[in-house]
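Quick caveat: nothing in here was measured; it's all calculated off a predicted structure. Only this structure's heavy atoms are used, side chains among them; waters, hydrogens and symmetry mates stay out. Order of the sequence lines sets the chain letters (A, B, ...), proteins ahead of strands, with each chain counted from 1.
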Amino acid sequence: MTTIRTPADEAEARAIQDELRERVVLDEAGPEAGTGLVTGVDVAYDDERDIVAAAAVVLDAATLAVVDEATAVGRVAFPYVPGLLAFREIPTVLAALDALTSDPGLIVCDGYGRAHPRRFGLASHLGVLTGLPVIGVAKNPFTFTYEQPGTRRGEFTPLLADDGEEVGRALRTQDGVKPVFVSVGHRTALDTACAHTLRLAPDFRVPETTRRADTLCRRALREAVEAAERAAGPEDTRGNRSGAER
DNA sequence: GCGACAG
DNA sequence: ATCTTGTCGC
């Protein structure tokens with residue numbers, strides 16, 4: 001099973017990113033949109049109880065029908081730090097991916113790939129660790145500024161780095177609806193990533209892969225929390241504070 | 001130094 | 001991410 005190296009602090013985390021960035025493959029076009037399998041991954045947290053749940057849902061890229069799905073539950077391994085999201089999300093995501101029966105094909109994750117302060121976001125990190133083509137589709141802008149794309153579905157504007165390089169795109173997936181932010185993670189071209197994103201979002205702003213993974217990991221988290229409560233103490237059924245906590 | 005900042 | 005009721009609309 002593939003694993004991620006969990007850093008002891010933020011400095012070490014950044015060092016790991018600088019090191020692994022060298023292994024990102026950017027000269028492949030990636031699987032053609034609408035072909036093969038596409039897998040969405042997402043994670044839900046209960047920091048209070050130190051529980052994290054991840055889900056991986058495999059869709060037929062042509063029909064968007066669910067082919068396979070899996071979940072994994074674990075402990076929170078790293079705090080949320082902008083720019084270091086991978087260390088928080090990836091451990092459990094890898095476990096969910098390993099639990100799949102079918103091949104993932106192209107992976108779509110929440111967050112960024114190249115559109116990252118060190119050009120090595122979550123999507124890039126997941127790609128390097130798995131060796132699979134990965135793209136990132138984020139719901140919110142991060143470090144790069146952009147012009148508002150045209151109002152129609154399919155229109156986009158570039159996310160530009162300081163050196164003028166296009167590290168991602170603000171892509172409108174629905175008419176008159178806020179765009180999503182697409183960037184390449186590993187073994188995929190930006191054009192391919194946007195084509196996949198559009199095909200995966202025929203009815204909603206967010207790709208079907210993320211929507212499916214989102215509902216599944218939330219359910220897995222809820223069940224994990226319930227199981228933990230049940231194991232810890234059936235004495236808390238009426239109120240909040242138990243005798244032991246006062 | 002201060003603010004902003006994927007999930 | 002997560003806390004959260006009702007509400008507008010297909």
Quiz item: When rounded to the nearest 0.5 angstrom, what distance separates CD1 in A:I16 from CG in A:L84?
Solution: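 Rounded to the nearest 0.5 Å, the CD1-CG separation comes to 9.5 Å.
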
Just checking [X]: base, sugar-phosphate only, or nothing, at a heavy-atom cut-off of under 4.0 Å?
X: A:P117; answer: nothing
X: A:L84; answer: base
X: A:G83; answer: base
X: A:A115; answer: nothing

Distance, rounded to the nearest Å, where [X] contributes [atom1] and [N] contributes [atom2]:
X: A:I51; N: C:dA1; atom1: CD1; atom2: C1'; answer: 15 Å
X: A:F78; N: B:dG7; atom1: CZ; atom2: C1'; answer: 14 Å
X: A:D214; N: C:dA1; atom1: CG; atom2: C1'; answer: 10 Å
X: A:Y146; N: B:dA6; atom1: OH; atom2: P; answer: 12 Å
X: A:L159; N: B:dC5; atom1: CG; atom2: C1'; answer: 14 Å
X: A:D203; N: C:dC10; atom1: CG; atom2: P; answer: 15 Å

Phosphate-side-chain proximity, [X] and [N], N/O vs OP1/OP2 below 4.0 Å:
X: A:R218; N: C:dA1; result: yes
X: A:N140; N: B:dC5; result: no
X: A:Y45; N: C:dT2; result: no

Quiz prompt | Aromatic A:F204 / basic A:R211 pairing, under 6.0 angstrom, 45° off normal | solution =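 Yes, A:R211 and A:F204 form such a contact.
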
Self-check item: Geometric cation-pi criterion, A:R88 with A:Y45: 6.0 Å, 45°
Solution: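 Yes.
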
Exercise. Consider the side chain of A:H116, meaning its heavy atoms from C-beta on, and name the nucleotide among B:dG7, B:dA6, C:dT2 that approaches it most closely.
Key: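 Closest nucleotide among those given: B:dA6.
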
Quiz item: Taking the side chain of A:K139 as heavy atoms from C-beta outward, which of B:dC5, C:dT2, C:dA1 is closest to it?
Solution: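 The listed nucleotide nearest to A:K139's side chain is C:dA1.
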
Self-check item: Near-parallel close stack of A:F142 and B:dA6 base (under 5.5 Å, under 30°)
Solution: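 Here A:F142 meets both the 5.5 Å and the 30° conditions.
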
Quiz prompt | Charged N-O contact under 4.0 Å between A:R153 and A:D175 | solution =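 A salt bridge is absent here (no side-chain N lies under 4.0 Å from a carboxylate O).
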
Quiz item: So, are A:D214 and A:K139 salt-bridged, with charged N and O less than 4.0 Å apart?
Solution: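 So A:D214 does not pair with A:K139 through a salt bridge.
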
